[in-house]
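Throughout, protein chains are lettered first and strands after them, A, B, ... in sequence-line order, and every chain is numbered starting at 1.
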Amino acid sequence: MSERTYYVTTPIYYISGQPHIGHAYTTIVADVLARTARTSRSSFFLTGTDEHGQKVAEAAEHAGMSPQAWCDALVPRWQQLFASYDCAYDDFIRTTQPRHERVVSAVFEQLRANGDVYRGTYEGWYCVSDETFWLESKLIDGNCPTCGRPVTRLTEESWFFRLSAYRQRLLEHFRANPEWVRPRSAYNEMLAILEGGLEDLSISRTAFDWGIPIADGSGVIYVWFDALLNYISAIGWSSDNAAFHARWPADVQLVGKEIARFHTIVWPAVLMALGLELPRLVYAHGWITVDGQKIGKSLGNAVDAFVLAERYGADTIRYFLLREAPFGSDFSYSEEKIIARRNADLGNDLGNLLNRSISMITKYFSGVVPLSTATTFSDAFTTLPPRYTEAVLDLRFRDALEDAWTLVSGLNRSIDEHKPWALAKATDDSEAQARLATVMYDLIAGLRWLAIMLAPIMPDRAREMWHQLGFTDDIALQSIRELQWHDLLPGHHVGTGAPLFPRLELTS
RNA sequence: GGCUCGGUAGCUCAGUGGUAGAGCAGGGGACUCAUAAGCCCUUGGUCGUAGGUUCAAAUCCUACCCGAGUCACCA
């Protein structure tokens, strides 16, 4: 048996509107994980769109389109966004695709057959003028909280998922696996919900028909129940056992913190009902904010993610998103901060290091990596690549990048310590010449490491770096974990340097 | 309102009982291979507030203030 495939998912994005930087953020993170995992094993990266439900139906109606036409028109926007950020997903699932609808219907039938889905009645307060159901706790003096009119008691037949039956097993799983939901705050919150008790979940709707129909005509399937199943419908559950079992359970399921509940309580209960393993990790990350305010079209502060990619380059934004704040917590975005990171970390530290190194080796050794009999770096940094990889796969991107930058700083410092320009002038001093060879060898060796390590995060700039360093094979195939300093062979010809990250000034 | 998380230098954050840290920004210096970049030195904080526990608290406890999320059918 070969090693299991690394399987990472993003939420499928609800297409009631346009995509924004927040969608790109989650997808970039998944892409970085997939690319990193791929340097040592096979990996599968799934994203897609969630297309059913009332909101989509309404959005389509306002646009004068059928729901399906609306979705068909919008899906390319998401795909273009992800392409503009170099997100190389392996599959893009849409919940309106037959391969998905088949699975949802099959799951519904299977769970009905074993009693986890049953016919019951839903009772609640309903505001006729707003056409909205309200929880008793939300009512204001027994009236509708938005329009103030009296609400009526409504009783409706509905299909329920027996969520409450899984409470004990969920609790056990949470307690036995305190790391399965991260960050810790999300774990605590979800555990508290479990401890407070669970009620069964109504999983059918009759007020509208944009959804997957229930076989007996009793409405459509609730969009969340539908949506969650994408994670298994896309990889062949019930249709391709070999493919399915090579991938499931997912290694990482990324979600925004606002949907942690569905992914850490409802979703695992459904998996238990199906007799499937639970994902290894659900990571509920924070949001990108503008001045501390959540990005959303209703706030009118949505950053045009397409413009950002074009203005700063996908790799600069990718780096910024992973480096600026610890993954998991919210962080405030601004173009000033992007430019600061770009110029300081990428331009001054990394880009300039590459440029000055190539310039010197070209000047002093005609671009040929010299034979070195000593070394200035390998001892201090031998454990960096595996440590870096572990941090990335553990979603500690900030730590990983800080760690990688110790090598960047170390190389810059070494140049100033050894003053190659002075050594080069001492042409009749053989010791100086040997030291010059060592310094230059170590610079190129270190830059080679950096290009390979950074490739999952900045695929385009790392590739450019790789080419400037004179390598012609595929950088994505290089194993980060197994990097060896002396895999750089003397005699190797470097290429031509050109600024990797030209300085930017704030425009507008 | 209940619950969860956060509030540490101008900015972004590390630090979970033992003399306050990093990067960036600011100031000074020596150099020149380089994207006026890099290197060295340096200014800067009563660790949200008020109490408490302790020989010792940013770190534990209590209350409060501020910000964010969530509280079950919008997704």
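- In summary, A:Arg311 and A:Glu335 engage in a salt bridge, as defined by a charged side-chain N under 4.0 Å from a carboxylate O.
- Under the side-chain hydrogen bond (donor to acceptor under 3.5 Å, both in side chains) criterion, A:Asp399 pairs with no residue at all, not counting sequence neighbours.
- Under the side-chain contact (heavy atoms from CB on, under 4.5 Å) criterion, A:Ala57 pairs with A:Trp210, sequence neighbours left out.
- Applying the ring-ring contact (aromatic ring centres under 6.0 Å, His included) criterion to A:Tyr283, with sequence neighbours excluded, gives A:Phe327.
- Near-neighbour residues of RNA chain B inside residues 177-189 of chain A, defined by a heavy atom below 4.0 Å, number-ordered: A:Ser185, A:Asn188, A:Glu189.
- Residues passing the salt bridge (Lys or Arg N to Asp or Glu O under 4.0 Å) test with A:Arg318, sequence neighbours excluded: A:Asp31.
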Atom pairs under 3.5 Å: protein N/O with N/O of nucleotides 26-29 of chain B:
none

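- Remark: A:Glu199 pairs with no residue by the side-chain contact (heavy atoms from CB on, under 4.5 Å) rule, at least two apart or across chains.
- For B:G23 and B:A14, the C1' atoms lie 10 Å apart once the distance is rounded to whole Å.
- Comparing the P positions of B:G44 and B:G28 gives an interatomic distance of 16 Å, to the nearest angstrom.
- Here, B:G15 and B:G21 have their P atoms 15 Å apart, quoted to the whole Å.
- Contact annotation: side chain of A:Arg413 to base of B:C40, donor-acceptor pair absent below 3.5 Å.
- At the phosphate of B:A75, OP1 or OP2 sits under 4.0 Å from a side-chain N or O atom of A:Tyr222.
- Every side-chain contact (heavy atoms from CB on, under 4.5 Å) that A:Asp460 has, sequence neighbours left out, goes to A:Asp86, A:Asp315, A:Arg463.
- By the salt bridge (Lys or Arg N to Asp or Glu O under 4.0 Å) test, A:Asp116 pairs with no residue at all, sequence neighbours left out.
- In this structure, A:Glu402 pairs ionically with A:Arg323, as a charged nitrogen and a carboxylate oxygen lie closer than 4.0 Å.
- Taking the C1' atom of each, B:G6 and B:A58 are spaced 14 Å apart, rounded to whole Å.
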What side-chain donor-acceptor pairs closer than 3.5 Å can you find for residues 408-417 of chain A, not counting sequence neighbours?
residue	atom	partner	partner atom	Å
A:Ser409	OG	A:Trp405	O	2.9
A:Asn412	OD1	A:Arg356	NH1	2.8
A:Asn412	ND2	A:Asp349	O	3.2

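- A distance of about 11 Å separates the P atoms of B:C5 and B:C61, rounded to the whole Å.
- Considering only residues two or more places apart in sequence or on other chains, A:Ala426 meets the side-chain contact (heavy atoms from CB on, under 4.5 Å) condition with A:Asp429, A:Ala432.
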**OP:** Summarise protein proximity over nucleotides 31-37 of chain B in one line of letters, 5' to 3': B for base, S for sugar-phosphate only, - for none, counting protein heavy atoms closer than 4.0 Å.
**Re:** SSBBB-S
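- Checking B:A75, B:C13, B:C73 against every side-chain atom of A:Arg205, the shortest atom distance belongs to B:C73.
- B:C11 sits 29 Å from B:A36 when the P atoms are compared, rounded to a whole Å.
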